[in-house]
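Notes for the one structure printed next.
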Amino acid sequence: MRIPRLGVRARVLAVALVPSLAVLLVGSGTVTSLVSEADFAAEWATQMQETLPQTVQVIGAIQGERLVTMAHLAGDRAATGRLAAARAAMDVAIRKAFEVQRAINTIDPNAQLQNDAFNQLTEILVTIRAGADAGALPLADAYRFYCGILDTILDGTAASKNATPDAEVAVQIADGVRLLQAAESMSRSNALGYALDTAGTATAADAGELTRQAGYYRTELTAFTHDLDERDRTRTTELMATPAWQVLESTERAVLARAALRATDRDDELPPLPVTPQEWQAAAVDVSERILGLWVSQSHDTQAVATANAEATERNSRLTAAAMLTVSLLALGVSLLLANRILRRLRRLRAETLELADHRLPEAMQQLGADRSVDPATVAPRLDFGADEIGQVASAFERAAASAMEAAVAERRTREGVRTVFLNMARRSQVVVHRQLELLDDAERAQEDPELLGTLFKLDHLATRERRNAENLIVLGGGQVGRRWRHAVALIDLVRSAVGETLDYSRVRVARLPELHIIGGAVADLVHLLAELADNAVTFSPPQSRVEISGSADMRGVLLVIEDQGTGMLPADIARVNATLADPPDFGTAGDSRLGLFVVARLAARHEIEIELGESVYGGIRATVLIPARLAVSEPVPART
């Protein structure tokens, strides 16, 4: 069945009706999505609230077993007696951790990666404990293992901010993670410091790690006194004013000094600890619990914000839905009333704009393309539709069409001027480089010092490459390079000249070539073309590899092959480059920044040289250059006497 075409009136009404209906549909979908996000945010806050105690228990149990295990390995017999209780507490905590993982997975499936890493670490726990019991576990390995488990928990906690749809909550979670990391850093410094001091040994690495962990948590807590809200700042300030904090600070300072002296093997007398080990550990436990308490309090505040924001989002979403429905119905009614009035004006606007688009503007563009003068004032449209929105649209279209015509005329006038300036600048650079090469030639002939002569050769090579860059600009500007040969040049000399302009010419090996000569008119362009291809092969191949240039002759002409051992190109890229080489586009509209590609394509088109890229047997790129037979001669033209 054929669907009848809609008339202009029906189309105008559809223009009004369709957006209104679309607004309703999009609005309904948006509101549904917002309500769903609000429900998810509420579920997330509830789930995080439920998993918070288990997380604190897991962290505390792992930190406790780490401290006891490291003290046991350091020789503290009292710690040996506490191993069983610490391990039992950690086993219970690990079971809680798996429950926490399952709960988090229900709201953040991306957390599975951290869960897998945590599972792998806990599977190694049996081996670690056996090594600690046998005394075969190095202290550093025990430290790294337990820190690895806690790092995984910290990473999972940090990743939870990615699951919340609320940016404000995500920021507060990030602040909470900093508190949690500070608590873990304090626990690490305490466990490592206690173990090192008990063992009576320390390396430079141990002293550095101890200094880093102690400095990190103190720096973070000091920063919190400025970053957090007033209540959290007060809690942090009160923590840093407690006697336990003062005891821990003075003890850590003494432990750091003792570890530094032991790491340097100096015989200086070790500074005494200001308190007993038991008092030190009691202060450490008090400070650790207070920091974790700060994190728990901050987490409760974060979850309260998440719940409040979710409720506000759901409430605002329902209000927005009602408002959108009302506005859409009003828009439909107004659209129906104004449709007939707008229709008449749109018909006239359509007729005049179609006349302009179908006849006047195309004719003007054809005249510009044929290099005939065009007066923009005679082509620019005259559309008078009043001062309302339709009139403004007509006026804007009139101004846009007039600007387009003026720009097209101005572009035609300036394009030749820009091209002339472009070529002039390139030729000036070419003259300077030619003069520089002449001076370098004179200096090379007069120089006998091998080292200075080698430097001059390098400068000569760089100047030759700069000359080729200037010639690249001339070729792209549509001009002719300055170098010319009146007589034919041997093919081998031509190829060697191209190799001499290559960045790393020593890596290019020229195989046996046909004993032919190239007519003088094509020598400069062919040297330039081969130099670009050889330079590209050298640049995109390993430094230790070679680039092979070989050739043969047949009825069609001379076939030169350049093969490298580089990384190669994708088949799609090879096809695109071959298309460019076969039919070079305008450089200003090609959309590709590779200068050499367009230079080679232009030079090849100038002399009807066929170039094609393909895969090399070495895995790189194989470029074949077919020089037409009309450019090659068997014998050179003799020079005039």
Side-chain angles (χ1 to χ4, degrees), residues 419 422-431 433-434 437 461 463-503 505 508 510 513-514 516-538 547 549-551 553 556-562 577-578 580-587 590 594-613 623-633 636-637:
R419 177 178 173 273
F422 183 76
L423 289 175
N424 188 26
M425 295 175 63
R427 292 194 184 281
R428 289 188 179 186
S429 299
Q430 187 184 35
V431 171
V433 175
H434 276 306
L437 286 171
H461 181 64
T464 301
R465 293 201 66 222
E466 184 61 29
R467 177 181 64 188
R468 194 169 87 241
N469 290 337
E471 292 176 351
N472 282 346
L473 298 179
I474 294 174
V475 172
L476 292 175
Q480 297 284 341
V481 298
R483 292 186 287 172
R484 288 289 185 273
W485 277 264
R486 290 184 297 173
H487 305 295
V489 176
L491 180 62
I492 182 65
D493 294 333
L494 185 150
V495 174
R496 287 174 177 170
S497 178
V499 172
E501 296 185 10
T502 304
L503 176 64
Y505 56 88
V508 182
V510 180
L513 298 175
L516 296 174
H517 293 72
I518 303 300
I519 62 175
V523 169
D525 290 343
L526 194 54
V527 168
H528 197 141
L529 183 150
L530 294 176
E532 287 290 341
L533 291 177
D535 200 40
N536 186 72
V538 169
V547 174
I549 300 180
S550 59
R556 297 180 300 166
V558 180
L559 182 66
L560 297 179
V561 179
I562 303 174
V577 171
N578 284 333
T580 300
L581 293 173
D583 184 16
D586 181 66
F587 181 68
R594 289 178 289 188
L595 185 66
L597 172 65
F598 294 97
V599 172
V600 170
R602 288 283 184 88
L603 294 176
R606 182 179 297 173
H607 299 285
E608 297 181 357
I609 298 173
E610 298 180 13
I611 303 176
E612 184 176 358
L613 302 186
T624 58
V625 181
L626 179 60
I627 305 172
R630 61 181 178 79
L631 301 181
V633 294
V637 178

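The residues of the chain are indexed from 1 along the displayed sequence. These numbers come from a predicted model, not from an experiment.
Taking both residues in full, the closest heavy atoms of Ala553 and Pro514 are given as N-CG, 3.9 Å, listed atom of the first, atom of the second, then distance. Here the closest heavy-atom approach between residue Ala534 and residue Thr502 is recorded as CB-OG1, 3.7 Å. Taking both residues in full, the closest heavy atoms of Val633 and Ala488 are given as CG2-CB, 4.0 Å, listed atom of the first, atom of the second, then distance. Considering all non-hydrogen atoms of both residues, Ala632 and Val558 come closest at CB-CG2, 3.9 Å.
Between the CD1 atom of Ile492 and the CD1 atom of Ile518 there is a distance of 12.0 Å, given to the nearest 0.5 Å. Distance check, rounded to the nearest 0.5 Å: CG of Leu581 to CG of Leu603 gives 11.0 Å. Note that the CD1 atom of Ile562 and the CD1 atom of Ile549 stand 4.5 Å from one another [nearest 0.5 Å]. The distance from atom CD1 of Ile609 to atom CG of Leu560, rounded to the nearest 0.5 Å, is 9.0 Å.
Between the side chain of Asn578 and the backbone N or O of Glu612 there is no donor-acceptor pair closer than 3.5 Å.
Applying the salt bridge (Lys or Arg N to Asp or Glu O under 4.0 Å) test to Glu608 and every residue at least two apart in sequence or in another chain returns Arg630. Listed by chain and number, the residues in a side chain to side chain contact (heavy atoms under 4.5 Å, CB included) with Asp493 are Val489, Ala490, Arg496 (sequence neighbours excluded).
Residues Leu529 and Ile611 are in side-chain contact: their nearest non-hydrogen atoms beyond the backbone lie under 4.5 Å apart. Side chains of His607 and Leu631 form a contact here, defined as non-hydrogen atoms less than 4.5 Å apart.
Checking each of Ile627, Leu513, Leu516, Leu526 against Leu494 for a side-chain contact (heavy atoms from CB on, under 4.5 Å) leaves exactly one that passes, namely Leu526.
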